[in-house]
Amino acid sequence: MSFLPAEEQLEILRKGATEILRVEELKAKLERSRSEDQPLRVKVGFDPSAPDIHLGHTVVMRKMRHFQELGHDVIFLIGDFTGLIGDPTGVSKTRPVLTRAQVEQNAETYRKQVFKILDPVKTRVEFNSQWLASMSSEDWVRLASKYTVARIIGIHEFLYPLAQAYDSVALKADVEMGGTDQKFNLLVGREIMREFHLEPQVVLTMPLLEGTDGVEKMSKSLGNYIGINETPREIFGKILSINDDLMWRYYELCTDLTLVQIAELKKGVAEKKLHPKQAKVDLAKRIIADFHSAAEAAAAEAEFERVFVSRETPDAVEEVTLPCESAPLWFPRLLVKVGLAKSNGDATRLINQGGVTLDGSRVDSPGLELRADAPAEHLIKVGKRRFIRVRFR
RNA sequence: GGGGAGAUUCCCGAGCGGUCAAAGGGAGCAGACUGUAAAUCUGCCGCCGUAGUGCUUCGGAGGUUCGAAUCCUCCUCUCCCCA
């Protein structure tokens, strides 16, 4: 294995990073790694309770891949033990205690998704319960004594970063990465490693990606996320619906285009040589190609054009099968049944507002009754994008 | 330990005996305009087959009243100030 010169590696690693503490140390580590022909150990911790990876997570994962491409080892650390404590950094509420089996299952889910981005050969998956669960109270006291807190904080607020820091000790991490919200925890790792007479890890933080609303950071609980397991069609739609300004952010953090290339695109849009929608379409295709394939990305685009520009029916529509009934079915009730409305009143409202289409024509009266006494098929559309095919059988 | 302030529909926040299913804003949803963008405009935004002197909702439990989100009592929780 031959490594690129430290300077060149550094340049790649720097792209997109918010902060590197400290750059000189990273450079020194890269140089040593090169001269000794030893890869660096790059550690990133993940929460075991939320195995649905979304675009926000991929920002850091992309950087992990950069390390892999440069020949380094990446440790995908599943915080099954720290998960019990709960990270005080986020707004996370009390977490349910996960069983061994659940953790295993979540880990499996992680693996499936993670390797869409990371190189499976160069990725080590570890669980921190491996070393943390077996620690005695004495060990904990000893560990805690290595860190002085200036201000008085809650015990678990203190425990979490400490445990995370100990992970770095156990793994002898050279680099730890995380979102900017992780900075404090990552820095604790440096200090604790010093206490253990290890060379402190370099801390690299990546920006937090805004969700589709463009305001809050992307998170599952806020519902503003784009999951990498979503269908190409869904991802395409979600990306197309983000604000134009936000698209540049996604370009920077979710593609491997260089800053120069991105600036070029921006300029194109500013000079009206490139339609912003086209730029967004390209973005969506790039992202989909990463998690699925270029062919699927192209298909998603074609589908999108058909459904929204030509106003045709998508080819994959969710289907619901209902038994035939001799009595006519009140339409609003049907909407509730298939999950397109919350209540009859809600359904009625949607109809009154002209948002409901049945078999291609607008439903204009909430009093509509549908015959359901013989097998039949209907296509219902609510709003611009919700389709359901109902089958009576 | 002492003294204050408060808990309202998804969120913020008004209401302080009837005219309150509860102002206003945000979010969300639908429509118009578009590039399913943003911004903007319009409408909706508790449930009940659209109806009523209807039902359920204003932290929880009781009480006072013809009538309570609004008053009283107790309870739970949150915040602030003094020690």
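Chain identifiers are assigned alphabetically (A, B, ...) following the order of the sequence lines, protein sequences preceding nucleic acid strands; residue numbering begins at 1 within each chain.
Separation of the C1' atoms belonging to B:A23 and B:U70 is 15 Å when rounded to the nearest angstrom. If you take atom P in B:A14 and the same atom in B:A5, they sit 15 Å apart, rounded to whole Å.
Nucleotide B:G43 forms a Watson-Crick or G-U wobble pair with B:C29, both donor-acceptor distances falling under 3.5 Å. The partner of B:C58 cannot be assigned: no Watson-Crick or G-U wobble pair with both contacts below 3.5 Å exists in any strand. Base-pair partner of B:G6: B:C77 (Watson-Crick or G-U wobble, both distances under 3.5 Å).
For A:K384, taking side-chain heavy atoms from C-beta onward, the closest of the listed nucleotides B:G31, B:G35, B:C47 is B:G31. Comparing B:G49, B:A32, B:C47 by their closest approach to the side chain of A:R362 singles out B:A32. When each of B:G35, B:C45, B:G49 is scored by its nearest atom to the side-chain atoms of A:R349, the top-ranked nucleotide is B:C45.
Every side chain to side chain donor-acceptor pair (under 3.5 Å) that A:R111 has, sequence neighbours left out, goes to A:E108. Residues satisfying the salt bridge (charged side-chain N to carboxylate O under 4.0 Å, His left out) criterion with A:R32, sequence neighbours excluded, are A:E199. Not a single salt bridge (charged side-chain N to carboxylate O under 4.0 Å, His left out) links A:E31 to another residue, sequence neighbours left out. Judged as a side chain to side chain donor-acceptor pair (under 3.5 Å), and not counting sequence neighbours, the contacts of A:E7 are A:K27. Residues meeting the side chain to side chain donor-acceptor pair (under 3.5 Å) test with A:Q38, sequence neighbours left out: none.
Note on residues 162-175 of chain A: pairs passing salt bridge (Lys or Arg N to Asp or Glu O under 4.0 Å), not counting sequence neighbours, are A:K29-A:D174. Within the structure, no pair that satisfies the salt bridge (Lys or Arg N to Asp or Glu O under 4.0 Å) test touches residues 356-366 of chain A, not counting sequence neighbours.
Within 4.0 Å of A:E216, counting heavy atoms only, lies no atom of the nucleic acid at all. Base engagement by A:P276 is indicated by at least one non-hydrogen atom pair under 4.0 Å involving a base atom.
At a cut-off of 3.5 angstrom, the base of B:G35 holds no donor-acceptor pair with the side chain of A:E305.
Within a heavy-atom distance below 4.0 Å of RNA chain B, the residues of residues 350-360 of chain A found are A:L350, A:N352, A:Q353, A:G354, A:G355. Interface residues of residues 235-247 of chain A facing RNA chain B, ordered by number: A:G237, A:L240, A:S241, A:I242, A:N243, A:D244; criterion, heavy-atom separation under 4.0 Å.
Residues A:N106 and A:T109 bring no donor and acceptor atom of their side chains to less than 3.5 Å of each other.
One finds no side-chain N or O of A:S343 lying less than 4.0 angstrom from the OP1 or OP2 phosphate oxygen of B:G46.
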**Asked** When you look at A:E301 and A:K285, which way does the salt bridge (Lys or Arg N to Asp or Glu O under 4.0 Å) test go after all the steps?
**Response** CA-CA 8 Å; A:E301 182 189 11; A:K285 282 164 80 178; 2.9 Å; yes
